[in-house]
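Notes follow once the structure below has been shown.
Residue numbering restarts at 1 for every chain, and letters A, B, ... go by the order of the sequence lines.
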Amino acid sequence: MSEKYDFNKVEKKWQDYWYSNHIFEVKEDPSKPKFYALIEFPYPSGAGLHVGHIRAFSSMEVIARKKRLEGYNVLFPIGYDAFGLPTENYAMATKQHPRKVTDENIAKFTGQLKEVGYSFDWSRVVDTTDPDYYKWTQWIFLQLFKKGLAYKATTTVNFCPKCKVVLANEESQGGVCDRCGSEVVQKEKDVWFLRIRNYAERLLKGLEKVNFPERIKTEQQNWIGRSEGADVTFTVRFDGGEYPLVVYTTRPDTIFGATFLVVSPEHPLLKEHFDKVVNKAEIEEYQRQAKLKKEFDRIQVNKDKTGIKVEGMYAVNPITGTEIPVFTADYVMMDYGTGAIMAVPAHDQRDWDFAKKFSLPIIEVIKSDVDVQQEPYCAKEGAGVMVNSDFLNGLKVKPAIKKMIEYMEAKGVGKAKVDYKMKDWAFNRQRYWGEPIPIINCPHCGQVPVPENELPLRLPDLKDFTPTDDGTSPLSKCTDWVNTVCPVCGAPAKRETDTMPQWAGSSWYFLRYESPRDPDHAVNPDANRYWGQVDWYNGGMEHVTRHLIYSRFWNQFLYDIGVVKDEEPYIRRSAQGLILGSDGEKMSKSRGNVVNPDDVVKQYGADVLRLFILFIGDYEKPAPWSQEGIKGCNRFRQRFWGLVDMVSDKADTSDLNLDALIKKVGDDYEACKFNTAIAQIMTALNTVYARGSLTKKEFNTLCLLLYPVAPHITSEMYERLNGGAKIDRASFPTYDPAKLTADTVEIPVQLMGKLRGRVTVAAGATEADVLAAAKEAGLIGDQEIVKTIYVPDKILNVVVRR
RNA sequence: GCCGAAGUGGUGGAAUGGCAGACGCGGCGGACUCAAAAUCCGCUGAGGGAUGACCUCGUGCGGGUUCAAGUCCCGCCUUCGGCACCA
C-alpha cells in the first residue's frame, strides 16, 4: 500500500519541476503547429486572486495542457493590466507610490497563480505600467493620431466630483460613478476621442468570420447599433432667410405623416440663426435647463415630454411642400443622427406623446386597426400598407422606404444613410496612474506628437498625485514636466497632461505577448507571422462590449498600417459564468460570502480547487460555491490516488470502453464541458473500483485524461508507474473510431412510445433480431403490429392496433 | 420598448428528437470503531401496489407536430443579461 497522498509535498515538487525547468516557455518552432490560448490578464488588485479568476483561467489551462500533449507548440501567456483607479486610490489612501503598490500586488498575484499550478509561460509576462510596454501603447496612439483617428473635441462629459475624473457613459450608468457611486455631474471639457465609429462597419462585418458564441455577437451588434435610414433635408424658413436642416430618419416612407420637426436644445440652428427667433428668452431658459440635467435624467424613458416651440421659424417638408412648426425638445439627442428629427406622431410613441401634449396634428400614413388619435401605431418593420401618402399609397413599408429614398435622391432632398449608436471612444482621464498621452500643445503648431524616438514618454515621479478640484490631471502640477519645447518649431510649449483610460493597455497586450521584449517593434513581424491570431480567448461577459470591441478595433487598425498580419485578433472566444457565493448571491465583502482561493489551496490543494471549479456546473453559466461540493472533489482525488495500488495484468477490461471514454473526455474539454468530462472520469473510476483492478494502459489513460485538470497528482502517479517518466512528455490518448461501440448493446423497447423493457443484443443487430428478442422477452404481446421504428443500437418502438 | 439566454429531484446539474434525472452534494440504512471522524457498501423523483421483477404521473403553464418531445412549432408566465427618448 502506498503512503497517503500528501498534496502539499507533491504539488510543491511538480511546481518546482515546471517552473525551474521552464517547461511551459515556448519559442517559435516551425516544425510544430502553434496554438495560442489566451485568458484576460488580471487587474492586480490588493485583494489578490479571486475564485472568479480561477474559473476564468482554468478553461484555457485545460486546453493549453491538452494541446501540448497533442503536439502543439502552445503559447499560454500571462500579464497584468496594472494601470487604474483602485491602485491609485489605495496608494493615495496609504501614502505610497502606485508603482510600489503595483509591484507588490503583481508579486502577490504571481505567487498565487503559481500555487495553483497554472502552465503559463512566465518568461513573457507583460505589465501595462512598464515603460517598455507603454512606450508601444503610446506609439500606437501616435499612429492613430497621425491617421486622423485621434482628435480632441469639446463636449459635455460625465464628471465624478468625488473621483475627480471624467467618466465614459458606460462608466456612469444610472447617473452614478462606476467606481465610487457618487452622483455624476455634467461638465464642459476638452476630450480626446478615437474614431472607432470609422471602424463600426468592419467591426460588424468581422463578426461573420469569427467563432464567438451568438450571445456575444448579439451584444456587440447591439452595442454598435447599426441602423439604415436616410438624411432628409428640410428647409427652415424665417423672416428674411432660409436654412437647410437635415434630419435623420429610419422611416423616410412616413414623411407624409411628419407634422412637426424637433431639434435638440444643443442644435446649431438655435445658435446660428438665433436672432431670428421670437421667443429667445424662453428657449435660452430651456437650453439652460437641459444642460443642467444629467445624462441620466435626460434619457429616462417614459418621462413627460418637454419642449418649446421655436417661434418665428417653420420648416418646409421637402416632399409635400407643407409648412410645419419647429420645436426644440430634450428627447432629441445631439449626438445621434443629426440632432434633428421629423416627427411622425401617428407612428412613434415619443412623437405621439409630444404631439398630444402640444396639441399637434396626427396624420395616419400606415393603415392599421388602431385609431392613431388614441394611440400610435408603431409597426414593426414590414407590417402595414401606406395611406395618405400620395405615390406611396398601397405599398408595403419596405418597398415604400426604397421608393421614397430613390425619389429623394433624384430630387436631391435626401439620401440613404447608415448610422450607428456606438459613439467615438473618449480616450482620456484626468488621473496620474495611466499612460501619458504623448502630445505637445504648441501655441504655433497646435497639437504636435512627441517624436517617436523620445518614447516612452515616462510618467514623472510625482509626490502628490491627488487630482485637482477643477478636474485637470495631477500631471498639470508637475511644471518641469509640462513645460517643454515644440518639437517642430522649438517654441515653448506644454505637454498634454491627461492620461489614457484603462482600456488602452488591454487593447493590444495579446499582441505584445508574441514578442514581449522586442525593443524595436510593438509586435515583432516574425513572431507575429508564426503566432498570428489568438486561437482561443476566454474571458468575462462584462468585457464583451468594451474591451473586446476596443481590442478588435486596435487590431484592425494595426492590420491597416501593416503591423499585424490578421484583421481579426481572436479566432474563438468563450466566456465563463460568474462564481456566486454559497448563498447564491454575487460574492462581495459586504455579504461576507467571499471565498479566497488561497484558503482552498491550503486546505485541499490546487488540484482539488481546479477540479471543483470546473466540475461545479455549466462553464458558461453562473454557479454557486459549495463547501460540500469541494469535499466531493477531495474524495474523488483520494480515490483516484488509490489507482496506484490497483494496477494488474489480469484486470478484466470488458466493462470499460477506453476508446469511448477518450473521445467523450477529449470532445468535452474542447467544448468547454468540463463538468461532464470530469463526470465521465468519475464514472470510469467507479467502474474500476467495482472490479478492483485496472491495466497499466487504463491507468495511464486515466492519468492523461485527468492531467489537464489535475496536473500535480497525475504527474506524480504517472511518474511512479512509468519508471520516472514525465507525463508532460507523453501524448494525449487517441481512440479508434471503430471501437466506440461495445459488442453487445441494451436496446430499450417501447410500445406506442412507452418504455416496456430492454433487450440485450449484439451490436448492429437487425430490426428483426431485436423484435424477435423483444417478443421472446414478453415485452410485446400478439397484437397486430402496425409499424415498427428501429434506430440501430439505440431504440425499438412498436406501434400496434388498439 | 427592442434583442438575447434560461426555467428539470431536497440540491449543483446530465440528456445529436430516441431509456429523463448521468456525475457530484445532501439524506437514509448498513459495515468498520469503545465512540466519533474518515473510509467502504446499499438505497434515495412523486404516488400506488403485497414495499416486488408491476403500474401511473412527472422537465414553468396551455395547445400542437411526431411512432417518440426536457429537446421542434404556436401562445403565455417567471427569472436573469444586454441595448435604450437611438429618430
RNA chain B: 5'-proximal contact among Val798(A) and Ser227(A) (nearest heavy atom)
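Mapping each residue to its closest nucleotide by heavy atoms, the 5'-most match is Val798(A).
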Nearest-nucleotide comparison on RNA chain B, the residue closer to the 5′ end among Met682(A) and Lys664(A):
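It is Lys664(A), whose closest nucleotide lies nearer the 5' terminus.
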Scan [X] against the nucleic acid and name what it touches under 4.0 Å (heavy atoms): base, sugar-phosphate only, or nothing.
X: Asn686(A); result: sugar-phosphate
X: Glu628(A); result: sugar-phosphate
X: Arg639(A); result: sugar-phosphate
X: Val799(A); result: sugar-phosphate
X: Arg758(A); result: base
X: Ser626(A); result: nothing
X: Gly225(A); result: nothing
X: Lys217(A); result: nothing
X: Asp348(A); result: nothing
X: Asn675(A); result: sugar-phosphate
X: Ile616(A); result: sugar-phosphate

Polar side-chain contact Lys794(A)-C19(B) base: donor and acceptor under 3.5 Å:
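Side chain to base: no pair present.
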Is there, by distance only and without an angle test, a donor paired with an acceptor across the side chain of Asn222(A) and the base of C83(B) below 3.5 Å?
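In this structure, the two groups form no donor-acceptor pair.
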Taking the chi torsion of G9(B), is it syn (within 90° of 0) or anti (everything else)?
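Because its glycosidic torsion lies within 90° of 0, G9(B) adopts the syn conformation.
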Quick one: classify the glycosidic conformation of U71(B) as syn or anti, with syn meaning within 90° of 0.
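Glycosidic conformation of U71(B): anti.
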In whole Å, what separates the [atom1] atom of [N] from that of [M]?
N: C77(B); M: G26(B); atom1: C1'; result: 31 Å
N: U33(B); M: A38(B); atom1: C1'; result: 11 Å
N: G60(B); M: U11(B); atom1: P; result: 14 Å

Distance below 4.0 Å between Arg215(A) side-chain N/O and C80(B) OP1 or OP2:
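So the side-chain polar atoms of Arg215(A) never come under 4.0 Å of the phosphate oxygens OP1 or OP2 of C80(B).
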Identify whether NZ of Lys or CZ of Arg in Arg639(A) sits under 6.0 Å from the centre of the six-membered ring of Tyr689(A) and within 45° of that ring's axis.
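Yes; both conditions hold, so Arg639(A) lies above the ring face of Tyr689(A).
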If a pair satisfies side chain to side chain donor-acceptor pair (under 3.5 Å) and one of its residues is in residues 614-625 of chain A, list it, with sequence neighbours excluded.
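Only Ser59(A)-Tyr619(A), Asn538(A)-Tyr619(A), Asp618(A)-Lys621(A), Trp625(A)-Gln627(A) qualify under side chain to side chain donor-acceptor pair (under 3.5 Å).
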Under 4.0 Å between a side-chain nitrogen and a carboxylate oxygen: does that hold for Glu201(A) and Arg226(A)?
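Looking at Glu201(A) and Arg226(A), the cut-off is met.
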Please determine whether a side-chain nitrogen of the Lys or Arg among Asp419(A) and Arg197(A) lies less than 4.0 Å from a carboxylate oxygen of the Asp or Glu.
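Salt bridge between Asp419(A) and Arg197(A), a charged N being under 4.0 Å from a carboxylate O: yes.
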Can you say whether the rings of Tyr248(A) and Tyr336(A) are parallel (under 30°), tilted (30 to 60°) or perpendicular (over 60°)?
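Plane angle over 60°, so perpendicular.
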Compute the ring centroids of Tyr550(A) and Trp425(A), then answer whether they are less than 6.0 Å apart.
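They qualify: ring centres under 6.0 Å apart.
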